Asker: 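Quick one: the structure is below, and I'll ask about it shortly.
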Amino acid sequence: MRKAYTEKFPENFLWGGAAAANQIEGGWDEGGKGRDFTSYCVNGIMDWNPMKAKSMNYHPGRDSIDFYHRYKEDIKLFAEMGFKVFRTSIHWTRIFPTGEEAEPNEAGLDFYDRLFDELLKYNIQPLITISHYEMPVTLVEKYGGWRSRKLIPLFEKYCETIFNRYKDKVKLWLTFNELNNMRRNPEYVGGIIPKPGENKMQAIYQASHHMFVANSKAIKLCHEIIPDAKIGAMCSLSNIYPHNCDPVAVFETQDCRRRSLFYPDVMFKGYYPTYINRLWKEHDVDVKMEEGDLELIARYRNEFLAFSYYRTTTHEVGQPYFGDTGGDFGSPNPFLETSDWGWQIDPLGFRFTLNELWDRYQVPLFPVENGLGAKDIVEDGKIHDEYRISYLHDHLVALKEAIKDGVEIMGYAYWGPIDMLSAGTFEMAKRYGFIYVDKDNEGNGTLQRLKKDSFDYYKQVIESNGEQLELPEKLLR
Ligand code: BG6
């Protein structure tokens, strides 16, 4: 059917914000919770040695912003901004502390019941990531993470438990956060801690295969248990441009991007693309598959593509492919401004990416992470964060342009509507929020919540369903 031209955000557009259990909840050992991977990193997931943290006295990820106890206060503020959706994750280890228990932990299940009830009280739909860098440490120690096929039934059981428990409350699900980061950072995505002498590429792609199978099994279960739910895939898709028009740079950039797109290619097209065979051959990768795996992947595909977009970068000839939590990281682009953390701000790149993904997959898109991490200054209890308002404004204009381009977009979930622990470096100083949280990198502070200027701007945007994107007078350039 021909889709009509539109200039407006759809009426049921899901405006909101996104977070992850391990970055907001705290309560790391409360309610029978087990040890999760992130709570055992030292300086954030980019420094992932999970064993080192056992002896630490203060660990910022363990109390975080105490959402575990303050969720009512925080959700009230989200409701005041008019949120229609709030994305967070379920901490796997609150439900199955080691990942292997015969019965789930009731206290953990009860916490999410209360949390979802609180969201629904304000008509905020929960959008739930099943696994956001939070796998049980036991599964890393015992099985080497997703290297082992044993994780598939354990994950299935976890999914079945939460689908049954929350079937009346949660209708929007995501399987793995940023699954395509397996190619860059398999430690925190798949619990793949390198072993001496191991072929790393073999470990990455074997584990990825297990996760694709688990993803399809979760889709099957979700449809059986909650027929009116939608279950999406989530990938990290900040973009990368060739640094110049040297065809070698252009080709290598395509190759780099395709290593990321490989993940949604499998999950949405339902088969392994032929280009991967060459990469596997060149790296001695031999992925073991069982009978029925490929049929399962072909049959159970995700229904929407959720993704994070923070920035773009550029690739120069011969540069190694490297990435962090924001996406690929190459050379600076002289045409773009840069954030306090060296991430380059590129709203047009957002529109470019939305068009690229829509053209390639033709499934509804949902940007579930987009935001600016910056240093904020509190003056007389106020935070004048014009830079964040500008970032948001420029990206929302780009989003609206993408709608005019014909891209189907379900909603927009800003990353970090409330300040939280940065995933990459475990800093509080890298603040994304519309709501300030009084806590510093050393754990000092009252945890008091304060509205920043961006709070009112986002409220205005949501109230007008994206019609009033105008910047406040003082920001007009
Ligand atoms: C994404 C992650 O990669 O980037 C989030 O899904 C993370 O968990 C976000 O917080 C921003 O990265 P950082 O390191 O600034 O927190």
Side-chain angles (χ1 to χ4, degrees), residues 17-26 36-39 41-48 60-61 64-65 67 86-92 127-135 174-190 232-240 260 263-264 305-313 322-329 338-345 350 353 366-376 387-388 391-392 395 413-434 437 439 441:
N22 73 82
Q23 290 171 260
I24 54 171
E25 284 181 9
D36 68 276
F37 184 82
T38 310
S39 302
C41 294
V42 186
N43 297 313
I45 54 180
M46 294 304 292
D47 180 358
W48 43 261
S64 193
I65 61 160
F67 184 76
F86 178 58
R87 171 184 178 225
T88 186
S89 56
I90 293 180
H91 239 316
W92 189 342
L127 164 60
I128 298 306
T129 316
I130 299 171
S131 182
H132 191 129
Y133 307 154
E134 292 143 350
M135 68 187 305
L174 298 170
T175 46
F176 299 102
N177 183 59
E178 299 184 330
L179 183 50
N180 63 324
N181 272 350
M182 277 295 283
R183 71 167 250 259
R184 298 185 279 244
N185 306 103
E187 298 84 8
Y188 57 78
V189 185
M234 193 319 189
C235 289
S236 163
L237 293 167
S238 288
N239 228 318
I240 181 161
S260 260
Y263 288 82
L305 174 54
F307 67 101
S308 55
Y309 173 90
Y310 290 96
R311 65 175 192 222
T312 55
T313 188
F322 165 75
D324 62 10
T325 46
D328 287 301
F329 214 117
T338 305
S339 80
D340 295 339
W341 268 265
W343 293 14
Q344 291 204 285
I345 301 169
F350 190 29
T353 303
F366 199 154
V368 295
E369 288 192 30
N370 172 240
L372 178 72
K375 290 178 186 146
D376 288 333
Y387 36 92
R388 190 168 291 106
Y391 180 100
L392 181 60
H395 284 78
Y414 177 88
W415 179 262
I418 182 163
D419 292 348
M420 66 184 79
L421 217 61
S422 124
T425 53
F426 272 3
E427 291 165 281
M428 272 305 296
K430 189 177 186 185
R431 298 175 181 277
Y432 286 84
F434 306 132
V437 177
K439 182 175 172 180
N441 283 351

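Start at 1 and go down the list; that is how both ligands and their atoms are numbered. What you see is a predicted model, and the numbers here were worked out from it, not measured in a lab.
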Asker: So is Phe426 close enough to ligand 1, meaning a heavy atom under 4.0 angstrom away?
Answerer: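 Per 4.0 Å heavy-atom rule, Phe426 does not contact ligand 1.
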Asker: Below 4.0 Å, non-hydrogen atoms only: which portion of Asn177 touches ligand 1? Side chain, backbone, both or neither.
Answerer: side chain
Asker: Look only at interatomic distance and state if Glu178 has a nitrogen or oxygen under 3.5 Å from any nitrogen or oxygen of ligand 1.
Answerer: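 It does: an N or O of Glu178 is found under 3.5 Å from an N or O of ligand 1.
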Asker: Determine, using ring centers only, whether Phe366 and Phe307 are less than 6.0 Å apart.
Answerer: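 No, the ring centres sit 6.0 Å or more apart.
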Asker: Any luck finding a side-chain donor-acceptor pair between Asp36 and Tyr133 under 3.5 Å?
Answerer: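 There is no such pair between these side chains.
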Asker: State the atoms of ligand 1, each with its element, that fall below the 4.0 Å cut-off from a heavy-atom position in Ala423.
Answerer: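 So the atoms of ligand 1 that pass are 7 (C), 8 (O), 10 (O), 13 (P), 14 (O), 16 (O).
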Asker: Evaluate the side-chain contact (heavy atoms from CB on, under 4.5 Å) criterion for residues Leu421 and Phe426: first the C-alpha distance (whole Å), next the side-chain angles of each, then the deciding distance (0.1 Å), finally the verdict.
Answerer: CA-CA 5 Å; Leu421 217 61; Phe426 272 3; 3.8 Å; yes
Asker: Tell me which one of Tyr414, Trp415, Tyr310 satisfies side chain to side chain donor-acceptor pair (under 3.5 Å) with Glu369.
Answerer: Tyr310
Asker: Tell me whether ligand 1 is touched by His132 - counting only heavy atoms on the residue side and a distance under 4.0 Å.
Answerer: yes
Asker: Find all atoms of ligand 1 within a distance of less than 4.0 Å from any non-hydrogen atom belonging to Lys430, and give their numbers and elements.
Answerer: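 Counting atoms of ligand 1 from 1, those under 4.0 Å from Lys430 are 13 (P), 15 (O).
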Asker: N/O of Tyr432 under 3.5 Å from N/O of ligand 1, yes or no?
Answerer: yes
Asker: Evaluate the salt bridge (Lys or Arg N to Asp or Glu O under 4.0 Å) criterion for residues Lys430 and Asp419: first the C-alpha distance (whole Å), next the side-chain angles of each, then the deciding distance (0.1 Å), finally the verdict.
Answerer: CA-CA 8 Å; Lys430 189 177 186 185; Asp419 292 348; over 6 Å; no
Asker: Does the side chain of Glu134 pick up a donor-acceptor pair with the side chain of Thr38 at under 3.5 Å?
Answerer: no
Asker: Run the numbers for me: atoms of ligand 1, each under 4.0 Å from some heavy atom of Tyr310, listed by number.
Answerer: 4 (O), 9 (C), 11 (C)
Asker: Can a donor-acceptor pair be found between the side chains of Thr312 and Asn239 at a distance below 3.5 Å?
Answerer: no
Asker: Is ligand 1 under 4.0 Å from a heavy atom in the side chain of Trp343, in the backbone, in both, or in neither?
Answerer: side chain
Asker: If I apply the N/O under 3.5 Å rule, does Gly424 come out as touching ligand 1?
Answerer: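 Right, the criterion is met.
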